Structures are given as structure tokens and as C-alpha cells.
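So you know, we letter chains A, B, ... as the sequences are listed, proteins then strands, and number each from 1. Note that the structure is a prediction, hence the values are computed from the model and not measured.
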Amino acid sequence: MSIDDARVAELRNLDPNDVTADAADAILADLSELLGQANSAYHTDDAPLIDDASYDALKRLNMAVEAAFPNKKREDSPTDQVGAPVSETFSKVTHAVRMLSLSNAFADEEVVEFVDGVRRFLNIAADAPLSFTAEPKIDGLSLSLRYENGQLIQAATRGDGAVGENVTANAKTIADIPHTLNAAPDVLEVRGEVYMSEADFLALNKRQEEAGAKTFANPRNAAAGSLRQLDPKITASRPLRFFAYAWGELSAPLATHQSKAIARLQELGFQTNDLTKVCETPEEMIAHYTDIMLKRADLGYDIDGVVYKVDDLALQRRLGFRSTTPRWAIAHKFPAELAWTRLVAIDIQVGRTGALSPVARLAPITVGGVVVSNATLHNEDYIAGVGGDGHPIREGRDLRVGDLVQVYRAGDVIPKIKDVDLSKRPDDAAPYVFPDVCPECGSHAIREAGDAVRRCTGGLICPAQAVERLKHFVSRGAFDIDGLGAKQIEMFYQDEVLPIKEPADIFTLQARNAASLAKLQNRDGFGETSVKNLMQAIEDKRTIPLGKLLFGLGIRHVGESASNLLANHYGSWQALTAAMDKSEVGTGEAWDDLLNVDGVGAVMATSLIEAFQNDAERASIDRLAAELTVLDAEVRDTSDSPVAGKTVVFTGTLEKMTRAEAKSRAEALGAKVSGSVSAKTDFLVAGPGAGSKAKKAADLGVETIDEDAWLALIGEA
DNA sequence: GTGCCTCGAGTTCC
DNA sequence: CTCGAGGCAC
């Protein structure tokens, strides 16, 4: 059996938005045939005709075209075929402007602090006017709608903020979302919240129940589940709504002020929230918050707080962003929902660094629309009811197994224990004794002075630590090996024939499997294809960038960001290991060189050196390195670099990168980065909030440029 | 020395 | 998402 590969490739590269009504018939007919062939090949033979990515692409194209031209949908539409494997993912969309989250305030004082902080940053006197918008924070999921020349061309979820999922076909089924705009900027990304009203949620659940389908825990989950349907027809049948409250990329400004921009979005045909108000003082903001809280039950949709934004957009630009949040906005959250339940047991988990983390096992209880049965207890002080300074935080109310405890979900996510009802404590409840040996390996568990956590000293001997380190090794950000997740790691660690006890074992798996009589393929969950795929995924990562290797090692205090800084500093695995070999903690040239890396201090340096100089650990690292091809950190040719040999100083807030990142990039281009301005300084790169350094630079006649000009200079605008 | 600001590490549930 | 702690600017 064969398939028309050329037509597959052609359709794969087709943008659904380019499909005209005239072309739709032929395309849907071809898709029906191709997907039908691919399906039957997949199910009846074991040899797929087309690769998964192509299959998913065709499937998505089919859905998109059907959504655009519902009347052209075929009787034999592949969308309706039962049992057809459906892609688990949407295609990815990189946001032109990152979708950030907001920092939170819980108490009124934090709102006052926020306003004070904004004034301080902008250098605005306490009595000078400064306005904020205040609007309800809808409890739904955020969506970014991209319009070009007035046409909706793409809808994307937030994802991790940088990359979201393409849900265009689904978003088009939402009545509140216009498909075309009049008199809009050529490029306009409208951002807002998709949500479901309480009435619609209840009705939907009733329908689901009658149909024997699963019901949703709350309107937010219902909205999220509905938007992420692979079949837009299902989304269309769900009563989703949309409030617009922000924007991303723009070819022309919407207005001068936040409040006016929102009004403009309303004129363009979007729903905006009518409880949005411009406030002049923190008192007014808090009064509006209280007002909204009182109205909360009657709104008909879920909200979880109030968002305040600096109204003047020019000021927003000056304030800029921290790494993940804007400085010009904050979410004032409503108090979390609370629930009482019984503390059934306290278990200890051992993490990759040996940290002993107590976890509360709870009698299942619904909190904030979700059934919770575990809660974090942080560390031993938390159970004892004392803070890090030894002072009581719950007046000595030590938690005991059997206690009635009050649970809430911090940030509406992580279950935590807020309080204990001592009057309901069983007579036989004994104080919890935190173990001083590791429950997994029996090694001593010690608490270093000033440290909040107790750690297992077993190191690599401890199976829990070894497994957690392996999980870290294969995790995203490190080696990221497809098909080798937490579950598989647990299994392979226990495996007697083909065990994986340390990272190097992953890369010898193929050879050992080939030599083994009891091959992988004979086990549960492993067929010929999955073994082949796993081996291929492992081979794909045998060549690895230096930074990822270093991060994968899981050395304490050396995270993703520090790993990349170190990779850039040393350049190659040889240089790194050579430096580690000759380093001495606390002294010497190699130590000084290490501490000179911006972002590396004594604690991290010590941890790094100790890991590389510990015999057992180093042997394990060397066994791993022997299996790998390590890619050097990208060293650019600095000979024609515009900043080679120049001395640069950064000051103020950098918006496009962290200071450490800026420094390492500048150094990669051959520049010298200094901490203070002097006559030798060639450039001062000044962000918002620059202070004394900018003045000094002006006095000395040093050229001062902003971040964008700097990026342009180094060719990364 | 103090006070940000980030990063690292640990955690839950869908 | 949160807490603690490391690192750095002032």
C-alpha cells in the first residue's frame, strides 16, 4: 500500500487561513482519503504510512478547514471517525510579545506598598497624581488573539508565557470573539480571558451527566477543557465567553492610557468588563476591591481577585518588567477558600538533593473546586509550628496525626495547612517526631546550621536520591529524553536485567539490550516500535550542549541558569573539568576565576568543586562523559565584533535579559563588563531606574545608550 | 549590613 | 506556585 507523499507534503505546508471556499471541497476530499489510508494502515498493519507529525498536521488542517466552512464538511469527515488516534497536542505558537503573569497581593498593605514602589521607581512624589485601573480578575484561561489587517488569523493559549498552543479553530467558535475588525491597527494582538458563566457551567454539567460523560469540577476547568478540544465542533457546543483586557504586539498604539485602550477594544467589538474603574489612590483601589468582593456572588462568573494597572501607558513602558512579571500591575487576590479535614498521616519524601520533605496525607476534601488529599508540610519547623527563627508561627500548635486541620490552596494551586483545631485533637495524638535517619536508605539525616531542611547524607548510596537525580537528568531543561520520564526511570532503576542506576547507564542501554536475552521488547508496555523510539530518542541526545550536560548533573545550587553561565565561561567540557581538577575551595587562581563569573558566589562554587572532586561522583560523571559528544558553548568570532575590547557597564533595569545574561553575552563578544563607571568605560547601558551611574557617565562624557541601542549594536535587535 | 531580585528546589492536581 | 537562600547593588 502506498500514499501520495507529494500531496501529503503539499497539504502539510498549507496554511488553513489561505484556504478559500472554492478550494475547500477538493482539500477536504483529499484529506478524507489520505487520513483514511493512514488510519487503516496504522490500525491494521503495523507499518504507518506517514509519520505522526504529518498525520497530526493533516488532521489539524482538516479541522481548521471544516471550522472555517462548516457547510462543506463531508459525510465521511475524518473528524468523525471513531478510534482514529487523535493528536495529544496542538501546534506550538511563539508569542510575539511574551504573555506574563502578575505578582500577587493578599493584604491591603501590599497594595499600598505596590503603589509606593511604583512611585519610587518613577520618582513621582507622594502628592503628585498617579492613576490606576482596577478590574475584576476573571478565573478562566488567558488567550491571545492575533489580528492582521482586521482578520483573526491566530488564537494561542498562554502556555509557559513564551510559547503557547494554537487553538485558532476553537477560538473562532466563541461568539464573543470577532472574526473581523474594522479600523483596527494592521497588527493587533488582543489578550483576554476565556471563561464560562456559572449558569452555563451547571447546565453543561447536567448535560454531561445525562450523556454519561465526565463532569467538570468547576467553571474554570470546564472552560479550559472546552477550549482545548481537538475537535472544534465540541468547543462550538460549549458556551464559552471572552473578556478582553490587554494586548500584545501592535502596529500602532491603541491609546495613551490603559482605560482608554480598553474602551477602544470595546469599540472594536470586544466584551470588556464593566466593573473596570480608574482609581486615584490606594484607598480608592481597595474600596473598589471591597465593592467587587461584595458583588462577587452575583456576578454570574468566577473571579479570584482584582487587577490594578498603572493607567498611563507611557509610565507602564518606563516601569517595564521583572523576569516574569510587569512592574506596573499587580493582582489583589481574594482570600483563599478554606476547608477542614483530618490529617491522616505524615509521610517523608526524599528529594534529589537528599532533602527530607514531609507530606500531609489528608482525608479527601473539596477545596476551591478540587479534591485534595495531599498537602505540603515544607519542613520540620513547619510541623512543629515554628518559623525559621525558632519563633512560634502557630503558637506552638504542633501538627499531630489525627488532628483536624484547615486546608487551603496557595495561589489556588498548592494545598497547604493553615490552622489546627486543638479542641478536636484526639486524646492519643502524639507529637510528630521528625526522623533523623533517611527513611529510604537509613543514612543519617542532618540539618546544617541555618538550614531549614534536613538532608539525607547517603548521597549516591541512597536509592531515593539516585532515582530523583536520574529523573532530573532526563527532565526538560536537561537531557529531555522522549519516552524516558519519571515512570520509566523508576522501572529501569528496579530492573534486574537492564538496570539504569546512573546517567551513563542510559547511554549503554542499547548495547546491553542488544546483548541481552531478556530484551526490553518482551516487557509490559514495550513493543518493537516503542523500543526503537526510545533508543532513537537516547541516541538523539548523545550529542549535548555543555550547559545542558552540566544542568543534568544536578549539582546542588547549580540550576539551569547557572549552568549556562558556567558553560559560556569555560566554553568546553575539557576546560571545565580541567578547571575543576585544579580548583581549591576558597583560594587560588581557579577559584578566583570561578567567583568572577557573574551570578556565581562562594556557595555555588564550593558545591561545584566538591561534586567534581568527590571520587565516586567524579567517576560517575566521567563514565557519562565517555558516552557523550559534548558541544562547546557557542563562542562567536569576536574579531569583527563591534564591542571587542570595549569596556561596558550595565545599570538600571534590563528588560530583555537578566543582568547576568547580559554580562555573559557581552563577554562572549569580547567586551569587558565592569561594575562601575570610570574614564575607561566605553559604554554605559542604562535601563529604567538608572541612578548615580548615569550621572557619573554624563560627567565623564561616557557614551550612554539604552538597552535597545545596545542590542542593535551587538546585532541582536 | 540591608534590601531587592532571581534562581533553585520541592510540591499538587488535572 | 511558593519559600528559602544566594548574589549583588546600594
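The separation between A/Arg327 atom CZ and B/dC4 atom P is 13 Å, rounded to whole Å. Put simply, NE2 on A/His557 is 9 Å from P on C/dA5, counting in whole angstrom units. Between A/Asp347 atom CG and B/dT11 atom C1' there is a gap of 14 Å when expressed in whole angstrom units. A straight line from CZ of A/Arg469 to P of B/dG10 spans 11 Å, rounded to a whole angstrom. Rounded to an integer number of Å, the gap from NE2 of A/His378 to P of C/dA5 is 12 Å. Atom-to-atom, CZ of A/Arg556 to C1' of C/dG4 comes out at 12 Å; the value is rounded to the nearest Å. If you take CG of A/Asn104 and P of C/dC3, they are 11 Å apart, rounded to a whole angstrom. Atoms CG (A/Leu595) and C1' (C/dG7) sit 11 Å apart, rounded to a whole Å.
Looking only at atom types and distance, the side chain of A/Glu209 has no donor-acceptor partner in the side chain of A/Thr215 under 3.5 Å away. Side-chain contact, A/Arg361 with A/Asn374: a donor N or O sits under 3.5 Å from an acceptor N or O. In the model, A/Asn104 has no side-chain atom that pairs as donor or acceptor with a side-chain atom of A/His332 under 3.5 Å.
Across all strands shown, A/Val453 has no heavy atoms under 4.0 Å from either base or sugar-phosphate atoms. Residue A/Ala217 is classed as having no contact, given no heavy-atom separation below 4.0 Å to the nucleic acid. Nucleic acid contact for A/Ala562: sugar-phosphate only, since backbone atoms but no base atoms lie under 4.0 Å from a heavy atom of the residue.
Residue A/Ala562 comes nearest to A/Met604 through the heavy atom pair CB-SD, 3.6 Å, listed as atom of the first residue, atom of the second, then distance.
Which of C/dG7, C/dC3, B/dG10 sits closest to the side chain of A/Met604 comes down to C/dG7. Here C/dG6 is the nucleotide among C/dC3, C/dG6, B/dG10 with the atom lying nearest to any side-chain atom of A/Val603. Taking the side chain of A/Ser561 as heavy atoms from C-beta on, and the options B/dC7, C/dC3, B/dG10, the nearest nucleotide is B/dC7.
The shortest side-chain heavy-atom distance between A/Lys333 and A/Asp304 falls under the 4.5 Å cut-off.
With hydrogens and angles disregarded, a donor-acceptor distance shorter than 3.5 Å links the side chain of A/Gln229 to the backbone of A/Gly225.
Checking the phosphate oxygens (OP1, OP2) of C/dC3, a side-chain nitrogen or oxygen of A/Lys416 falls inside 4.0 Å. At B/dG10, one or more side-chain N or O atoms of A/Thr353 fall inside 4.0 Å of OP1 or OP2 (strictly under the cut-off).
Electrostatic pairing of A/Arg447 and A/Glu380 counts as a salt bridge here, judged by a charged N lying under 4.0 Å from a carboxylate O.
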Collect all protein-nucleotide pairs involving nucleotides 12-14 of chain B in which both atoms are nitrogen or oxygen and the distance is under 3.5 Å.
residue	atom	partner	partner atom	Å
B/dC13	OP1	A/Ser373	N	3.1
B/dC13	OP1	A/Asn374	N	3.1
B/dC13	OP2	A/Asn374	ND2	3.0

